[in-house]
Participant: 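Okay, handing you the structure first.
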Amino acid sequence: MRCVERFALLACIVFGLHLLHHARLGVDVLSAQMMPYTLLYTFGIGYPAVILLTLRYVKQYPAMGPLAVFVEQAFPVFMALIAVALSVLSAGNQQGVTTYPVMMMLISVLLQGQYLLVVGLVLFSWGALAVALVLLLGVPWLSPEIAISFTAALACIMVANMTECSRITQFELQQKLHSENRQLQRLSNQDHLTGLLNRRALDRTLEQEIARSERFGHALSILMLDVDNFKHINDSLGHVQGDEVLKSIAHCLQQHVRDVDFVGRLGGDEFIVILIETDKRHALQVAERMRQQVSKIPMVAGLPTLTVSVGHAQFEGESLIALIERADKALYQAKQKGKDRVQMARAVVSSVRT
Ligand SMILES: Nc1nc2c(ncn2[C@@H]2O[C@H](COP(=O)(O)OP(=O)(O)OP(=O)(O)O)[C@@H](O)[C@H]2O)c(=O)[nH]1
């Protein structure tokens, strides 16, 4: 149920109860004295009833749109005017003026999202009531009616303000939760050392890209890279400096792929690059470029040039595990052949049908 509909339902109940109360007391609701009350209660029930029963359907007709918007926007103002009129009438008849402020207060709490409007309406209602009491009915300033009026107005504003504050706090909490969730999700996909994709994210990404490649017939290549003699670097520089070398390699790899490609760290000194819509020929060019760029990373004097071995495999309809295995075998061959080189994987051997 929308906010305006909740407000309309509440108004129907409140004014309906008033009308019932008068009828039950045996008051002649059509007498000259009671007629203004009866009319105001009837308007108070009729207007929200129109909103509840017809507005949803009327809005379906574009030509009726502006009228429907006007009826909806004028509704709180109309309710406030009825509350003021009833307050003035009942004050004039010495029947007390507390009922309508309480009603306005209830409305202000339930009318979510329109608190500022409600504060304005309440102030307007009680301002008008005070003027009417003093100027029209000759009630003196600081009479009990005036005191009750302003106390009730103050209560309305405080309740509306408190509810608004709690809504803002809730909104802020939700925002914070949302951003922390996003941060958590990002961290759960990230390699803690290099900031690249971690093993979990790599598997998921590769699975998605394999599915896309199968569906659209795009080429897909992966490169598996392993730093050559990293144990020696670690032993010479220490683990902390070794970490810095891994970070430099990660940065270098990321610099030399397109935005659509993915770079991840499998663990240790091993990296994977997923090249989207890239066939063997282009993938080998990228792999060669990466190998050359890594060798340009400055190293501490006395240590040999930093190099990587690369295994390449192009997706050929096999499973994710089989694809990674082919790239891994190619990498192994690159190491066997003397490191610091790019090796292409063997093609998948297709099974012969009998
Ligand atoms: N600094 C650092 N070292 C790591 C990390 N993870 C693994 N290593 C080290 O990386 C080295 C990996 O060595 P290997 O790949 O087995 O061997 P390698 O010396 O690179 O030799 P090849 O791979 O044959 O060229 C080991 O010494 C590991 O201890 C890490 O997060 N940080």
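As the structure lists them, so they are numbered: ligands from 1, and atoms in each ligand from 1.
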Participant: If I apply the N/O under 3.5 Å rule, does Lys231 come out as touching ligand 1?
Facilitator: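 Yes - when backbone and side-chain N and O of Lys231 are compared with those of ligand 1, one distance drops under 3.5 Å.
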Participant: Are there over 12 heavy-atom neighbours, none belonging to Phe230, within less than 6.0 Å of that residue's CZ?
Facilitator: yes
Participant: Tell me, which protein residue and heavy-atom name are nearest atom 21 (O) of ligand 1, and how many Å apart are they?
Facilitator: Asn229 N, 3.7 Å
Participant: Do Arg204 side-chain atoms and Arg200 backbone N/O form a donor-acceptor pair below 3.5 Å?
Facilitator: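 No.
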Participant: Okay, side chain of Asp261, backbone of Arg258: is any donor-acceptor separation there less than 3.5 Å?
Facilitator: yes
Participant: Check contact between Arg265 and ligand 1, using heavy atoms of the residue and a distance below 4.0 angstrom.
Facilitator: yes
Participant: To check your reading of the model: name the closest protein heavy atom to atom 14 (P) of ligand 1, its residue, and the distance in Å.
Facilitator: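 Going atom by atom, the protein heavy atom closest to atom 14 (P) of ligand 1 ends up being Asp269 OD2, 4.1 Å.
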Participant: Any atoms of ligand 1 less than 4.0 Å from a non-hydrogen atom of Asp243? List them with their elements.
Facilitator: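 Heavy-atom distances to Asp243 below 4.0 Å select 1 (N), 2 (C), 30 (C), 31 (O), 32 (N).
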Participant: So which bit of Lys335 gets within less than 4.0 Å of ligand 1, heavy atoms only: side chain, backbone, both or neither?
Facilitator: side chain
Participant: Within a radius of less than 6.0 Å around CG of Leu187, do more than 12 heavy atoms belonging to other residues, nucleotides or ligands occur?
Facilitator: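 Enclosed.
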Participant: Quick one: which ligand 1 atoms are inside 4.0 Å of a heavy atom on Gly242?
Facilitator: 1 (N)
Participant: Sub-3.5 Å donor-acceptor pair from the side chain of Glu318 to the main-chain atoms of Glu316, do we have one?
Facilitator: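 Here the side-chain-to-backbone pair exists.
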Participant: Taking Ser309's backbone N and O only, do any of them form a donor-acceptor pair with Arg291's side chain (distance below 3.5 Å, no angle check)?
Facilitator: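 No; judged by distance alone, with no hydrogens or angles, the pair does not exist.
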Participant: What do we get for Asp226 next to ligand 1 when only non-hydrogen atoms under 4.0 Å count, side chain, backbone, both or neither?
Facilitator: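 Under 4.0 Å from ligand 1, Asp226 contributes side-chain atoms alone.
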Participant: Taking the side chain from Arg326 and the backbone from Gln314, do they hold a donor-acceptor pair closer than 3.5 Å?
Facilitator: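 Yes.
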Participant: With a cut-off of 6.0 Å (strictly less than), are more than 12 heavy atoms of other residues, nucleotides or ligands near NZ of Lys335?
Facilitator: yes
Participant: Evaluate the 4.0 Å heavy atom contact test for atom 26 (C) of ligand 1: does a protein atom fall under the cut-off?
Facilitator: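 Flag for atom 26 (C) of ligand 1 set to false, no protein heavy atom closer than 4.0 Å.
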Participant: Starting from atom 7 (C) of ligand 1, what is the nearest protein heavy atom, named by residue and atom, and what distance separates them?
Facilitator: Gly268 CA, 3.4 Å
Participant: For the residue pair Phe216 and His218, categorise the inter-ring angle as parallel (less than 30°), tilted (30 to 60°) or perpendicular (more than 60°).
Facilitator: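 Ring orientation, 0 to 90° scale: parallel.
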Participant: Check the side chains of Gln185 and Arg182 for a donor-acceptor pair under 3.5 angstrom, ignoring hydrogens and angles.
Facilitator: no
Participant: Pairs of nitrogen or oxygen atoms closer than 3.5 Å, one from Val227 and one from ligand 1: do any exist?
Facilitator: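 Yes, there is a polar N/O contact under 3.5 Å.
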Participant: Identify the closest protein heavy atom to atom 24 (O) of ligand 1: which residue and atom is it, and at what distance?
Facilitator: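 For atom 24 (O) of ligand 1, the nearest protein heavy atom comes out as Lys339 NZ, 3.4 Å.
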Participant: Tell me whether Phe230 has any N or O atom under 3.5 angstrom from an N or O of ligand 1.
Facilitator: yes
Participant: Taking atom 17 (O) of ligand 1 as the reference point, report whether a protein heavy atom occurs under 4.0 Å from it.
Facilitator: no
Participant: Of all the atoms in ligand 1, which lie at a distance below 4.0 Å from a heavy atom belonging to Asp228?
Facilitator: 25 (O)
Participant: Quick test: of every protein heavy atom, which one is nearest to atom 29 (O) of ligand 1, and how far off is it to 0.1 Å?
Facilitator: Asn234 ND2, 4.1 Å
